[in-house]
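All of these numbers come straight from a predicted model, not from anything done at the bench.
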Amino acid sequence: MTPGTGAPALRVAGLRKSYGDVVAVDGLDLTVASGECFGLLGPNGAGKTTTIEICEGLTEPDAGEVEVLGRNWRTDERSLRERLGIQLQETQLAEKLTVEETVKLFRSFYERGRRVDDVIDVVQLDEKRKARVGKLSGGQKQRLALACAIVGDPELLFLDEPTTGLDPQSRRQLWDLIVELRASGRSIVLTTHYMDEAEKLCDRVAIVDHGHVIALGTPRQLIASLGAEHVVEFTAPDAPAGALSAEALQQLNGVRAAREHDGRWTLEVVGLARAVPALLSELSRRGLTLGELATHSATLEDVFVSLTGRQLRDA
């Protein structure tokens, strides 16, 4: 299935949710096309999980509209449950059941679905089918949670922070499974605070901060919106206060934008081969010593920093 064809898999308009004085979701609007993998990106506390729980029918919004597969939770709850797959941020499974018993239990919740053996094979847990859940590793438990989410053969799959806390190898294994699910034509809504995960898996992403969308597009479009091909980070440890300024650094050849955070400067550059020599020359002219110097291609993390002025890990 090509993303964007047919009716939307999910439509959210004017969504709001508060917990006391804390506004978790603040007038959020989203449309997820049928057949696409859509990412909700942002730091912890940005409102991603609250948004997805409302879309899953687990939390009641204070205001706004939610349309899932052309239906709504007020009138079509039972039929929607049959068409969705949900992997929560933390899935608590019965630790004394085996992998096979757990998948069979979840399969029993649906009138129609996939064969249990097929699902266990898809998530690569065949060798663990007789193992008890409590004996599984963190990555194996996440794959089992995904098995429980897909055993009903869902049209729309919600994955909330599916790889949080996993080691790099387990993350990659789960990524491969999600890529296969996307290729099968299912619609997927994925929340994450890993920008590399979103770049790898998602057709489009919405960057969420303080409960509303601050940027929306394909990963390539959002990165291109920076107007910078690379990012240069450097320190000048002996520079006195005020010796460097964003205004001065932005005048350097090839530099589009500059900002400082905790003594570390970040430059968005359009020409790395011009910007680095210009920076070194400027530091030398001012009698300053270069401490650290690092460069990387622009990423979604840089988009977030450019939009908010904060590192994602600091948010």
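In this structure a side-chain-to-backbone donor-acceptor pair under 3.5 Å is missing from Ser306 to Asp302. Of the possible polar contacts, none joining the Thr235 side chain to the Arg264 backbone as a donor-acceptor pair under 3.5 Å is found.
Residues passing the side-chain hydrogen bond (donor to acceptor under 3.5 Å, both in side chains) test with Asp121, sequence neighbours excluded: none. Here Phe109 pairs with Phe106 under the ring-ring contact (aromatic ring centres under 6.0 Å, His included) rule; sequence neighbours left out. Looking at residues two or more places apart in sequence or on another chain, you find no salt bridge (Lys or Arg N to Asp or Glu O under 4.0 Å) involving Asp238. For the side-chain hydrogen bond (donor to acceptor under 3.5 Å, both in side chains) test, no residue two or more places apart in sequence or in another chain qualifies with Thr102. By the salt bridge (Lys or Arg N to Asp or Glu O under 4.0 Å) test, Glu60 is found to be paired with no residue, residues two or more places apart in sequence or in another chain being considered. In this structure, Arg220 has no salt bridge (Lys or Arg N to Asp or Glu O under 4.0 Å) partners at least two apart in sequence or on a different chain. Annotation: side-chain contact (heavy atoms from CB on, under 4.5 Å) contacts of Glu77 (sequence neighbours excluded): Trp73, Arg81.
Taking the charged nitrogens against the carboxylate oxygens, Arg11 and Glu65 do have a contact shorter than 4.0 Å, which makes a salt bridge. Between Asp117 and Arg129 there is a salt bridge, with a side-chain nitrogen of the basic residue lying less than 4.0 Å from a carboxylate oxygen of the acidic one. The pair Arg78-Glu82 meets the salt-bridge criterion, since a charged nitrogen lies less than 4.0 angstrom from a carboxylate oxygen. A salt bridge is absent between Glu67 and Arg71; no separation between the charged side-chain nitrogens and carboxylate oxygens falls under 4.0 Å. Between Asp196 and Arg171, at least one side-chain nitrogen of the basic residue sits less than 4.0 Å from a carboxylate oxygen of the acidic one, meeting the salt-bridge criterion.
Through direct or indirect side-chain contacts shorter than 4.5 Å among Ile, Leu, Val, Met, Phe, Trp and Tyr, Phe234 is connected to Val232, Leu244, Leu249, Leu252, Val255, Trp265, Leu267, Val269, Leu272, Val276, Leu279, Leu280, Leu283, Leu288, Leu290, Leu293. Under a 4.5 Å side-chain heavy-atom criterion applied to ILVMFWY residues, the cluster that includes Val231 comprises that residue alone.
Taking 4.5 Å as the limit, some side-chain heavy atom of Arg259 sits within range of a side-chain heavy atom of Val305. Side-chain contact check for Leu84 versus Glu56: every heavy-atom pair is 4.5 Å or farther apart.
Annotation for Cys37 and Arg182: closest pair CB-CD, 3.6 Å, computed over non-hydrogen atoms. Residue Val270 comes nearest to Arg274 through the heavy atom pair CG2-NH2, 3.9 Å, listed as atom of the first residue, atom of the second, then distance. The two residues Ala198 and Pro219 have their closest heavy-atom pair at O-CG, 4.1 Å. Across every non-hydrogen atom of Ala258 and Ala246, the tightest pair is O-CB, 3.5 Å. Nearest heavy atoms, Ile223 versus Thr299: CG1-C, 3.8 Å.
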Give the table of side-chain donor-acceptor pairs shorter than 3.5 Å for residues 135-142, with sequence neighbours excluded, one pair per line with atom names and distance.
| unit_1 | atom_1 | unit_2 | atom_2 | d |
| --- | --- | --- | --- | --- |
| Ser137 | OG | Gln140 | N | 3.3 |
| Ser137 | OG | Gln140 | OE1 | 3.4 |
| Gln140 | OE1 | Ser137 | N | 2.9 |
| Gln142 | NE2 | Pro162 | O | 2.4 |

Atom pairs and distances, donor-acceptor, side-chain atoms in residues 145-157, under 3.5 Å, two or more places apart:
| unit_1 | atom_1 | unit_2 | atom_2 | d |
| --- | --- | --- | --- | --- |
| Asp153 | OD1 | Arg186 | NH2 | 2.2 |
| Glu155 | OE1 | Arg83 | NH2 | 3.0 |
| Glu155 | OE2 | Arg83 | NE | 2.7 |

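Checking each of Ile188, Leu201, Asp176 against Leu181 for a side-chain contact (heavy atoms from CB on, under 4.5 Å) leaves exactly one that passes, namely Ile188.
No continuous path of hydrophobic side-chain contacts links Ile54 to Leu159 [ILVMFWY only; heavy atoms under 4.5 Å].
Pairs of residues two or more places apart, or lying in two chains, that qualify as side-chain hydrogen bond (donor to acceptor under 3.5 Å, both in side chains) and include a residue from residues 20-33 are Arg16-Asp26.
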Inset, instruction - List the steps and the verdict of side chain to side chain donor-acceptor pair (under 3.5 Å) for Thr192 and Glu197. - result: CA-CA 7 Å; Thr192 182; Glu197 185 163 281; 3.0 Å; yes
